[in-house]
Amino acid sequence: MTGDVLSTPNMAVSIGGGIVLKNPVMTASGTFGYGEEFSSHIDLSRLGGIVVKGLSLRPRAGNRPPRIMETSAGMLNAIGLENVGVEAFIAEKMKFLRTLGTAIVANIFGDTPKEYGSVAERLNDVEGVTALEVNISCPNVKTGGVDLGADPVMAGKVTRIVRKATDLPIIVKLTPNVTDIGVVARSVEEAGADALSLINTLKGMSVDIESRRPHLGNITGGLSGPAVKPVALRMVWEAVRAVSIPVIGIGGIMNHEDALEFLITGASAVQVGTANFINPAATIDIIEGMERWLENRGIADVNQIVGTLDLS
Ligand SMILES: Cc1cc2nc3c(=O)[nH]c(=O)nc-3n(C[C@H](O)[C@H](O)[C@H](O)COP(=O)(O)O)c2cc1C
């Protein structure tokens, strides 16, 4: 019989550190709030995982407006990492998140490497937190504001500090604003990361020609959406070849075809960001589209797709 071919494919994937997701589709940090905001739009329990808005030790107000600007194939944002702070997250947001039966990934950042360690330590024993995602695309005040993640030594240092501070699996989220992603990826792997995720936003800018002012209050911002997908895919490809830990692909994923490109290139899972602003059900559509795509080709397990890029 063709029973095997017609049955629903296995969608579960491992992303390192013992984490198993029910499917490879997660939400990207900063584009999905703390999950609850989307609960009236979609069944959150169907997601592979929810990555929450970046958390710092203390609450942050973020940058002055305007903070978002649409571009021809994406958007620029300069939110400035506004968030409720780790204490309010634990006290108010986790109550809901831990009931969902999906992986909950706490995205964290700090103003100093030490602060990353403090946030990681605070989250260590919190019931329902599956893993930490460490956002190293943050300015290093000591070196004149160059992102921590643009310096392989600093990237390794932050990872080591977080590693010491927690028993939770650590996903380190890389910035694309570097010349050689492989060097940063290796440094972070050596420092104890369980997985990598990439890319964060690409630094960009936009100008109002009448006022001759930058559109964003912060002058520069981070570019995301379809415009960045080819860059993201190329960087995932480079990272996959540089390390042996799992890589999670992010950047401009709008539909299941985009997501499959990342899996074929070697990503073990994906995160969906800007698409959530256009269609709050984008993640569910991607999961269902991917399932149908596999089913139609008689592929019984999504893992059979991962890393199958044909270079012959
Ligand atoms: C409005 C907005 C806020 C974001 N906030 C965060 C954040 O707090 N932490 C983080 O690591 N990435 C943040 N990101 C980056 C996304 O998680 C993602 O890496 C990036 O947008 C690329 O994916 P996309 O093209 O699917 O949006 C943010 C992106 C956007 C658009």
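Note that the structure is predicted; figures quoted are calculated from it, not measured. Ligands are counted one by one from 1 in listed order, and the atoms in each one are counted from 1 as well.
Annotation for ligand 1: atoms under 4.0 Å from non-hydrogen atoms of A28 are 17 (O).
Between F38 and F32, the ring planes lie parallel to each other; the angle is under 30°, not in the 30° to 60° tilted range.
Residue I199 touches ligand 1 through its backbone alone, judged by heavy-atom distances below 4.0 Å.
Checked against a 3.5 angstrom limit, the closest N/O atoms of G54 and ligand 1 fall inside it. In terms of polar-atom proximity, defined here as any N/O pair under 3.5 Å, T31 makes no such contact with ligand 1. Ligand 1 has a nitrogen or oxygen under 3.5 angstrom from a nitrogen or oxygen of G273. At least one N or O atom of G225 sits closer than 3.5 Å to an N or O atom of ligand 1. Polar contact with ligand 1: absent for I68 (N/O pair, distance under 3.5 Å). Taking any N or O of E133, backbone or side chain, none lies under 3.5 Å from an N or O belonging to ligand 1. Residue Q271 places no N or O, backbone or side chain, under 3.5 Å from any N or O of ligand 1. Considering backbone and side-chain atoms alike, N77 places every N or O at 3.5 Å or more from each N or O of ligand 1.
In this structure, the side chain to side chain donor-acceptor pair (under 3.5 Å) partners of D43, at least two apart in sequence or on a different chain, are S45.
Taking Ile, Leu, Val, Met, Phe, Trp and Tyr as members and joining any whose side-chain heavy atoms lie under 4.5 Å apart, directly or through other members, the hydrophobic cluster of M75 also contains I68, I79, F277.
For the side-chain contact (heavy atoms from CB on, under 4.5 Å) with I286, the qualifying choice from N279, V272, D258, L260 is V272, the only one to do so.
With hydrogens and angles disregarded, a donor-acceptor distance shorter than 3.5 Å links the side chain of N23 to the backbone of G48.
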